[in-house]
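Chain identifiers are assigned alphabetically (A, B, ...) following the order of the sequence lines, protein sequences preceding nucleic acid strands; residue numbering begins at 1 within each chain.
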There are 2 protein chains.
Amino acid sequence: MPLPTDRLATRGIPDATVARLPVYHRVLSALQEDGVTTVSSEELALACGVTSAKLRKDLSHLGSYGTRGVGYDVEFLSYQIARELGITQPWGVVLVGVGNLGRALVSYRGFASRGFRIVGLIDAHPDVVGAQVAIGDENHHVRAMADLREVVRMGNASIAVIATPADAAQEVCDRLVEAGMTSILNFAPVVLSVPEGVEVRKVDLAVELQILAFHEQRRSETLPEVMNA
Amino acid sequence: MPLPTDRLATRGIPDATVARLPVYHRVLSALQEDGVTTVSSEELALACGVTSAKLRKDLSHLGSYGTRGVGYDVEFLSYQIARELGITQPWGVVLVGVGNLGRALVSYRGFASRGFRIVGLIDAHPDVVGAQVAIGDENHHVRAMADLREVVRMGNASIAVIATPADAAQEVCDRLVEAGMTSILNFAPVVLSVPEGVEVRKVDLAVELQILAFHEQRRSETLPEVMNA
DNA sequence: TAGATTGTTAATCGATTAACAATC
DNA sequence: TAGATTGTTAATCGATTAACAATC
């Protein structure tokens, strides 16, 4: 039997494409707010910082949502991407670690506007447990690790964010997995080990700076050489 | 003339490798603190969350720093990676936008330990300008946008971090470029446009959550189907 | 010498790109 | 119909992987 080439097999959207869909979605939302109704791949690509060929290729994995000779309907395409990403319904998020970073994340308005709702705050430190924290216009109070299961259940959370110090992260991660979490975003600078079926994504603030520093170093090494030549 | 295959041409390290070097470096630092002196590619790869083949391939771009039959000297390899990344000397960083996220970044200890020193804080808001903020054991005060050039010069900064709201980011970015910055880390959810020769990297907290949500959606769609079959 | 582990090779895989036929 | 722009094709490029000869 040859490889399946039917439409359903196409559901496997390349990782590189998935990583760009949120960017397209945000730019489309912004265009929609500005009252723009139609956009060409050329215009949209420019605003998203990609080439139009890449954009069209990416969108082709979702379906044929454009009109030749015209472009894309902003509202329609925005909805189709949101549907593909699964953010037409808000996702409940539990945040573990209510320190500086945790509080910054709580007050970050970009979450709510992109389909996420923080439904619980957890911290291991007795001084922090019980503290009132404003999430949007609601007041939440910080719960203890022991309350994790209940917080997850009550808030119907399916995504967790770890914003603890590095040395606590693996322990917290284990508890989250026990409590049934299968999607974890990790801000602690450690590689977490999780069982099959659980996905961890890592955001490392220092790594990004290090990559910048590397390229900066290369620029300052090679540019003067060119000038000497 | 054929393509150059000498050692100097090898200086072009693949982007994918560069992005992993900081991870290797951090894990090596941790091993060093634990008193581990030698490590095999198999062990190191496990701790870094990659395969040993990928690790060895990555390291091969830097040079031959291992010993066949033995492994890698932790301290030596750590130093070689640090040198390659350009973090044997600390880099001066200017932070623009001292709101919730900005303050969280200031108090993030991972920067100092990975070769970065915040040498200046800038904010556009008059209420914030002049405020005292502790960076490590020094007290800095927040300066106005107008002082940018001076802050950059005094601190010898070559990397800037934008932690402002989205609508201010492009304006701030333009000012940074004017002031001579060529490396910018952007936390604002907008695509910044910069002239040739300036590099912007973007960290988007919501994008990572959206990718998690997408995969989570796929898991909850496909797993039940398997169970029904 | 025998066992272990690197550094490199070559095959495979996935992502990007440019060009253009299809079609509004 | 003529002009514009999509969706797709095929070529190219870069990254990953597995296997193993080199060598400690």
Side-chain angles (χ1 to χ4, degrees), chain A residues 2-7 9-24 28 31 36-74 76-78 80-81 84 211 215, chain B residues 3 5-7 9-24 28 31 36-74 76-78 80-81 84 211 215:
Chain A
L3 289 174
T5 43
D6 57 297
R7 276 292 129 187
T10 300
R11 288 300 292 256
I13 297 178
D15 285 347
T17 295
V18 172
R20 286 185 293 262
L21 289 181
V23 178
Y24 303 157
L28 284 166
L31 287 174
V36 178
T37 57
T38 298
V39 70
S40 71
S41 63
E42 197 65 58
E43 293 163 332
L44 183 55
L46 184 70
C48 295
V50 299
T51 65
S52 64
K54 193 184 271 184
L55 174 68
R56 286 199 303 278
K57 182 89 201 189
D58 283 341
L59 295 182
S60 76
H61 293 294
L62 312 190
S64 297
Y65 297 138
T67 307
R68 288 156 136 98
V70 177
Y72 300 90
D73 182 276
V74 171
F76 181 66
L77 182 58
S78 175
Q80 293 301 335
I81 294 177
E84 195 62 49
I211 297 173
H215 290 144
Chain B
L3 289 174
T5 43
D6 58 299
R7 277 291 130 188
T10 300
R11 290 296 294 255
I13 298 177
D15 286 347
T17 295
V18 172
R20 284 185 293 262
L21 290 180
V23 178
Y24 304 156
L28 285 165
L31 289 174
V36 179
T37 57
T38 299
V39 71
S40 71
S41 63
E42 197 65 56
E43 293 163 332
L44 183 55
L46 185 70
C48 296
V50 299
T51 65
S52 63
K54 192 184 271 185
L55 174 67
R56 287 199 303 279
K57 182 89 202 191
D58 283 342
L59 295 182
S60 76
H61 293 295
L62 311 190
S64 297
Y65 297 138
T67 308
R68 286 158 178 344
V70 178
Y72 300 89
D73 182 276
V74 171
F76 182 65
L77 182 59
S78 175
Q80 293 301 335
I81 294 177
E84 195 63 49
I211 297 173
H215 290 143

Nearest-Å distance, [atom1] ([X]) to [atom2] ([N])?
X       : N      : atom1 : atom2 : value
A:Glu42 : D:dT6  : CD    : P     : 8 Å
B:His61 : D:dG14 : NE2   : P     : 12 Å
A:Leu62 : D:dG7  : CG    : P     : 10 Å
A:Asp15 : C:dC13 : CG    : P     : 16 Å
A:Arg20 : C:dG14 : CZ    : C1'   : 12 Å
B:Lys54 : C:dG7  : NZ    : C1'   : 18 Å
B:Asp73 : C:dT5  : CG    : C1'   : 15 Å
A:Leu46 : D:dT5  : CG    : P     : 14 Å

Taking atom [atom1] of [X] and atom [atom2] of [Y], what is their separation to the nearest 0.5 Å?
X       : Y        : atom1 : atom2 : value
A:Arg20 : B:Ile211 : CZ    : CD1   : 10.5 Å
B:Ile81 : B:Leu62  : CD1   : CG    : 6.0 Å
A:Phe76 : A:Thr67  : CZ    : OG1   : 9.0 Å

Report task. Please check the phosphate of D:dT17 (OP1 and OP2 only) for any side-chain N or O of B:Lys57 closer than 4.0 Å. Result -> no

Query raised in the report: So, is B:Tyr65 close to the C:dT5 phosphate, meaning a side-chain N or O under 4.0 Å from OP1 or OP2?
Result: no

Any side-chain heavy atom of [X] sitting closer than 4.5 Å to one from [Y]?
X       : Y       : result
B:Leu46 : B:Glu42 : no
B:Leu59 : B:Leu77 : yes
B:Pro14 : B:His61 : yes
A:Tyr24 : A:Asp58 : yes

Requested in this report: Determine which nucleotide pairs with C:dA21, using a 3.5 Å limit on both distances of a Watson-Crick or G-U wobble pair.
Outcome: D:dT6

Query raised in the report: Watson-Crick or G-U wobble partner for D:dA11, using a 3.5 Å limit on both distances?
Result: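 Checking every strand shown, D:dA11 finds its partner in C:dT16, with both distances under 3.5 Å.
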
Options [options], nucleotide nearest the side-chain atoms of [X]:
X       : options               : result
B:Arg56 : D:dC20, C:dT16, D:dG7 : D:dC20
B:Pro14 : C:dA15, D:dA15, D:dT6 : D:dA15
B:Ser40 : C:dT6, D:dT16, D:dT6  : C:dT6

Shorter than 3.5 Å, N or O on both sides, protein versus nucleotides 22-24 of chain C: list them out with atom names.
residue : atom : partner : partner atom : Å
C:dA22  : N3   : A:Arg68 : NE           : 2.9
C:dT23  : O4'  : A:Arg68 : NE           : 3.3
C:dC24  : O4'  : A:Arg68 : O            : 3.4
C:dC24  : O2   : A:Arg68 : O            : 3.4

**Report entry** DNA chain C: 5'-proximal contact among A:Ala53 and B:Tyr72 (nearest heavy atom)
**Finding:** B:Tyr72

